[in-house]
Amino acid sequence: MSSVTYDHVVKRYTSDLTVVKDFNVEIADKEFMVLVGPSGCGKSTALRMLAGLETITEGQIRIGDRVVNHVAAKDRDIAMVFQSYALYPHMSVFDNMAFPLQMKKMSRSEIDKRVKQASGILGLDNFLKRKPKALSGGQRQRVALGRAIVRNPKVFLLDEPLSNLDAKLRGQTRVELQKLHRDLETTFIYVTHDQVEAMTMGDRIAIMNAGILQQVGAPGEIYDHPANLFVAGFIGTPTMNFVPVTMENGNAKASGFDVKLPKPVGADKGILGFRPEALTDRIQDDGSTLEIKVEVVERLGSDQFLYGTAGEDTITARVDPRMKVAPGDRARLGLDLRGIHLFDSQTEKALL
Amino acid sequence: MTAEAAARVGVSHTARFSPAWVAERLQGAVLHVAVISLTVAWMVPAAGLLISSFRHFTDINQSGWWTALAPPYNFTLENYVQVLQSSNMGQSLFNSFMITIPATLIPVTIAAFAAYAFAWMKFPGRDWIFLALVGLLAVPLQLSFIPVLKVFVSIGLVVQNWGFVGVWLAHTGYGLPFSIYLLANFFRALPSDLFESAEIDGAGTLTVFFRIVLPLSVPAIASLVIFQFLWIWNDLLVALIYVGGTKSVAPLTVTLANLTNSLGQGYNLLTAAAFISMLVPLIVFLSLQRYFVRGILAGSVKG
């Protein structure tokens, strides 16, 4: 069993600097969990507490059933891949991967077997004698992965492992990491600031902001039902449209349009949110429409983004690329009511 | 390739004798002239010493060393023969090694351990102790001679009983502040990810020190060894105080100093002796030079 539990975990550096606040997550065995959030949100600290590189101020972290608060990093049966890879520059690829096994006083033949196996999985067979400086960024990244794999750990910790790769390689590695996760059948905990990585790789995503856990859930669930304004704005590109509204007779009234709410809410003000793709060039059956004054048109081939205003509010729409529209036009767009969200203007929590 | 084609594929050659071309060449020339003249300026005294050491005593007294470069060539090995035979040179050379090698290795070893602690271990008062240590750099070592010597004498730590142990300890004390300071700064610059990674991999403090810190710090340690070696090899003052001029224990520097005193004008011998003494640091420097590998950290933590 290699589930991981964060139980009311707090990390406080000084009395007025708390970087992780009351963090509660249960990560199931063999799950791929992504911790995502803007930089400085405490996600790396949360991971480093699990790794044993930071002390835990309050609360408990458990790996399986074992409380690891006071267990040394090397005895937690975890492996970590650093953003910088942290390869030992004076050692060959083989020695880099063998190092953790040598520390465990494993026999030479067993070390040899395990390193060969890992290098086979990662396609590093031809590079075992090289020093890290003679490798490309992608190869170094794989050596870092290899050093984690050979230990056969209960939990894999990955701290932004892709951010030093170029865009193309990052895409490839993303897929490879998912395959690796499937093959190794181990718990992965992956920290990133990139919501695309989070959405594509995670079985579940935990979104953090300012040290506070915002929402945990499957990517689709988080995308469709963001728990609050922050999550709604953080996940999805282009970002969700946010429009301040006032409520009148079950209608949300914005500066440039009205929307009939699917169910009544107990507030007279709020922030209406809808994703750019909730706007279409076809008028919906229930007749919710809004007119925008188009300022910029971006054609991407598969999509067409319209940037404009409705009343005083900025609106982004993602419409069929065949729709004929030019900057300066007034475009009447349909709004899919299944895709609207309403957030409390004070607490920023979802109301619908 | 036509000029047009060259421009199209983005190849640009500065045209010959154009102002840019001239400026480029001139910059190179200025640099070369500066470097060469500096080198010459440094080489002249050494060359003069070398040539003088092969001249007869009478010649040295009558004319400058450069006149020996014109015929008639009148060189001799007599100075070297005389120095090596008569002036206790062999014993002094041996003494110098006996003093210098331990007095280099002991402080560098201690400094490496201490610097690692200062750079990467947490203990109460670390920064204050380090600050005090750096403060010691500013203390003139002459201040310490009398008190230290008094202590040495009172506990019997003198050349007659303990040989060179006293001077080793003295040099260790004088060398440690700078050595620790230099190494601690270098160790601190090692990427912290390496240490964290090693910690997760299960390496203890000593393993990290011997298998990661030391191999990565070879350039720093090599330069420190050279510094310390040269300083002790060329040291006259400390040796004179703690060892003295007795023939059986006097190092090269002390013997050399006595050479001028005892032979007065005979600096033909001094030139030969000085050159012999210069050879050793030269060999040390050249043999350690290959450890100054640039970019030894390359490939560790960047993509």
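Letters A, B, ... mirror the listed sequences (proteins, then strands); counts begin at 1.
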Point to revise | Separation of S197(B) OG from Y88(A) OH (nearest 0.5 Å) | key: 3.5 Å

Revision key, fill the gap. Heavy-atom nearest pair, L216(B) first then P89(A), reads CD2-CG, 3.3 Å

Review point. Taking atom NZ of K104(A) as the centre, does the number of heavy atoms from other residues, nucleotides or ligands within less than 6.0 Å exceed 12?
Key: yes

Exercise for review: State, yes or no, whether a side-chain contact exists between E196(B) and M80(A) at a heavy-atom distance under 4.5 Å.
Suggested key: no

Check your understanding: Under 6.0 Å from the CZ atom of F130(B), do we count more than 12 heavy atoms belonging to anything else shown?
Key -> yes

Revision key, fill the gap. So, the part of Q141(A) with a heavy atom under 4.5 Å from chain B: the answer is neither

Exercise for review: Determine whether more than 12 heavy atoms belonging to other residues, nucleotides or ligands lie under 6.0 Å from atom OH of Y13(A).
Suggested key: yes

Point to revise | Residue Q60(A) excluded, over 12 heavy atoms near CD under 6.0 Å | key: yes

Practice item. Pick one of side chain, backbone, both or neither for I78(A), based on which atoms fall under 4.5 Å of a heavy atom in chain B. Key: both

Practice item. Check H90(A) against P215(B) and note the closest heavy-atom contact, atom names and distance. Key: CD2-CB, 3.3 Å

Exercise for review: Supply the atom-to-atom distance D201(B) CG to R147(A) CZ, rounded to the nearest 0.5 angstrom.
Suggested key: 5.5 Å

Point to revise | Portion of R76(A) that has a non-hydrogen atom of chain B nearer than 4.5 angstrom | key: neither

Check your understanding: Taking atom CG of D75(A) and atom CD1 of I200(B), what is their separation to the nearest 0.5 Å?
Key -> 12.0 Å

Point to revise | chain A contact residues among residues 207-214 of chain B, heavy-atom distance under 4.5 Å | key: T207(B), R211(B), I212(B)

Review point. Where do G52(A) and E199(B) come nearest, in terms of heavy atoms and distance?
Key: O-OE2, 3.9 Å

Name every donor-acceptor pair, under 3.5 Å, that has one atom in a side chain of residues 105-116 of chain B and the other anywhere in the protein, sequence neighbours excluded.
| residue | atom | partner | partner atom | Å |
| --- | --- | --- | --- | --- |
| T109(B) | OG1 | L105(B) | O | 2.6 |

